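The structure appears right after this line, and notes come after that.
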Protein chains: 2
Amino acid sequence: MANLNTDLLTPSVAIDCVVFGFHENELKVLLLKLKNIDLWALPGGFVHKHVDIETEAHNALELRTGLDNIFLKQFHTFGSIERNDTDHNKMLVDKKVIPEEWFPWFNQRFISIGFYALVEYSQVKEPIPGPISEACEWCSVNDLPPLMLDHEHILTVAHETLKKELNNQPIGLNLLPKRFTIPELQSLYETILGKKLDRRNFRRKVMSFGILVCTNERRTGVAHKAPLLYEFDEASYIKANEAGLSSGW
Amino acid sequence: MANLNTDLLTPSVAIDCVVFGFHENELKVLLLKLKNIDLWALPGGFVHKHVDIETEAHNALELRTGLDNIFLKQFHTFGSIERNDTDHNKMLVDKKVIPEEWFPWFNQRFISIGFYALVEYSQVKEPIPGPISEACEWCSVNDLPPLMLDHEHILTVAHETLKKELNNQPIGLNLLPKRFTIPELQSLYETILGKKLDRRNFRRKVMSFGILVCTNERRTGVAHKAPLLYEFDEASYIKANEAGLSSGW
DNA sequence: TTTCTTAGTGTCAATAAGACACTAAGATAT
DNA sequence: ATATCTTAGTGTCTTATTGACACTAAGAAA
C-alpha cells in the first residue's frame, strides 16, 4: 500500500483489530507505532469492495503477524461522528505520517468495525510494520503508549468483551502453546480478568469442562516442582465453545 | 425521503433494526412490506454524515413507531459481499419499489450495522410505512413473510443474541407494560427462549433478582384466579442490567 | 354448587461454588 | 548431603443454586 487505490475500497468503512497475546504473565496487544510521531495505532485497514469484512480483517492481521489462521471475532462497530477529526488528519499530513494526497480519503467520516484476535505470542516471530508505521510491537495492556483517535476506547471495549466471553466459553486454545500447564492456564485467566483465582477451585472448574487432556509429561528445566503438561482436546473444546458454558435458562 | 440526497449520506453504510414486541404470547417483529412486490424488509436506513450510528438507528425507529425513547442495542455488523446483489436491485427498480435514479446508490456495496430494539407492543399505535414500503406491520417471529436479501439472517442473529442476553441481564422493562403479572413475564421468557419453564422455579429465580415490586393489586376481569400485578423497580433493574446476572469467574 | 383452569406456595435432593490445609517434588543455598 | 524455599497437586466441608415435584386458593363457566 505504498499507493492507495481508493477506487477499490469501500468508502467510509474501516476495520480495527485488537490482537491479544499472552507473555510473561502479561496480556499484550499488538500495536503499530506511527512514523515521525509518538502515537500508536491498532492494526487494521480498509475494506476492498469485493472482500468480506471478516476476510479483510484476516488479511490485515496476516500482513502484521505472518499468521494465516488467527482466531478472530467481531465485537463492536464504532460509529461516533467524533471519530472524524480533521485536525488529527491534518496533523498526520504535517508530520508526514501519510502523504498529502491521502488526506481526502483519511478525512472521510469512517465507521470502524472492531475485531479482536487471540494469537499465540511466540508464533509471531517479528511483527511487521505497515506503510504508515515504523514499528509493530507487543504492548502490555496495563501500560499502553498514547493511541490515536479512539483506539484506546476500542481496546478497552475489546478487553471487556474478552472478560465476558470467559463466562460463556473456554479460552486458551488460541493464546497458549500446544502444551501448557494448569498454573499457566490459570495465570492466563487471572491476567485477562485482572484478579486472582483460587488454585484448587480453578483446577476443579476447568477440569469439569472436559476439554483438557493430560500428557503425563512434565515441564522440565523449571524451578520447583515440575508441573504436568496438558493439551486441549480440540473436538471437545470446539463443542464447549459452541454450546457455551453457562446454562442460565 | 421522497428524494434521496446522497451527498448527505455516509456511503456504503446502512443500518437494520430488528424491533421486537410481545403480544398474545408471541414474539413479534416490526417489518415493512415493500411496494408492488411480496417482499418484506427490516426497518433501517442510511447514515447521515454528521450523525452517530446509534442516533441514526433511533431516528429510523422513531419514524416507524412514533416512539422516541426506544431500547436499542447494536448486536452485529453484516459485511458479506453477497449482500451486494445487483439483480436484486434491478428488480427493485423494475417493480418500481425504488425510482431508477436511486439505483446507483442502492447498488453500492453496503455493510449493515444490526441493532435490535425492545418495545412495548401496545405503545406502537400505528406503525408507519416508509418511502419504499406500503405497510408496516408486526409479524410473528415464527411465521415470517419472505424477506429481502439477508434480512431473515439478520433477524435470526438478533433473536439468538436476545436469547443469550437473557442469561446476562433481566429483560422485560422495555417489552411489557408498566404493570404485569409473573405469569406474563414467564410467558415472555418462554416465548423468547422457545421453551417451557417451571412456574415455581421461574418465580423463585426472577424474585431473587430483586427487581420486582408487588403492587398488591390484582388483574381483574380475567378468567380464573386473579394474578397479582408487579412493576419493575427501575433503579434495581438498571443496576442488575449493568452488573450482569451470572457471576462466572 | 360443581367443575375447570390458572395462581400461588414449600420441600427435598442433586449439583455447583467457595473456603481452606496438607503433602510432594524440584531448585538452591549452606 | 541436607535443609530450605517455592510451587504443584489433592480433598473435604459448608453454603448457595438448581431442578423436580404436589398441593391449596380463587375466579369463571357450566
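Chain letters run A, B, ... following the sequence lines, proteins first, then strands; residues in each count from 1. All values below come from the heavy atoms of this structure, side chains included, with hydrogens, waters and symmetry mates left out. Note that the coordinates shown come from a computational prediction; the quantities given were computed from them, not determined experimentally.
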Grab the [atom1]-[atom2] distance between [X] and [N] for me, whole Å please.
| X | N | atom1 | atom2 | result |
| --- | --- | --- | --- | --- |
| Lys225(B) | dT3(C) | NZ | C1' | 17 Å |
| Lys196(A) | dA19(C) | NZ | C1' | 18 Å |
| Leu228(A) | dT7(D) | CG | C1' | 13 Å |
| Met207(A) | dA16(C) | CE | C1' | 17 Å |
| Asn167(B) | dT18(D) | CG | P | 11 Å |
| Glu184(A) | dT7(D) | CD | P | 14 Å |
| Trp249(A) | dG19(D) | CH2 | C1' | 13 Å |
| Asn25(A) | dT7(D) | CG | C1' | 13 Å |

- Message: Test your reading of the model: is there a side-chain donor-acceptor pair from Ser187(B) to the backbone of Pro183(B), 3.5 Å cut-off?
- Response: no
- Note on the structure: By nearest-heavy-atom nucleotide on DNA chain C, the more 5' of Ala226(B) and Thr220(A) is Ala226(B)
- Query: Which sits closer to the 5' end of DNA chain C, Val222(A) or Asp198(A), going by the nucleotide each is nearest to?
  - Reply: Asp198(A)
- Checking Leu118(B), Val124(B), Val19(B), Val119(B) against Ile70(B) for side chain to side chain contact (heavy atoms under 4.5 Å, CB included), the one that qualifies is Val119(B)
- Note on the structure: Sorted by position of nearest nucleotide on DNA chain D, 5' first, the leading residue of Arg199(B) and Arg204(A) is Arg204(A)
- Task: Specify whether Phe75(A) and Tyr116(A) have parallel, tilted or perpendicular ring planes, treating 30° as the upper limit for parallel and 60° as the lower limit for perpendicular.
- Result: tilted
Could you tell me whether the phosphate oxygens of [N], OP1 or OP2, come under 4.0 Å of any side-chain nitrogen or oxygen in [X]?
| X | N | value |
| --- | --- | --- |
| Arg200(B) | dG10(C) | no |
| Arg203(B) | dT9(C) | yes |
| Lys205(B) | dT17(D) | no |

- Item | Cation-pi geometry met for Lys205(A) and Trp249(B) (6.0 Å, 45°) | yes
- Message: Categorize Ile182(A) for me: base, sugar-phosphate, or nothing, with a 4.0 angstrom heavy-atom threshold over every strand shown.
- Response: nothing
- Task: Kindly say whether, by distance alone, the side chain of His224(A) makes a donor-acceptor pair under 3.5 Å with the base of dT6(D)?
- Result: yes
- Message: Is the distance between the ring centroids of Phe232(A) and Phe180(A) under 6.0 Å?
- Response: yes
- The side chain of Asn201(A) lies closest to which of these nucleotides: dA19(C), dG19(D), dT6(C)? dA19(C)
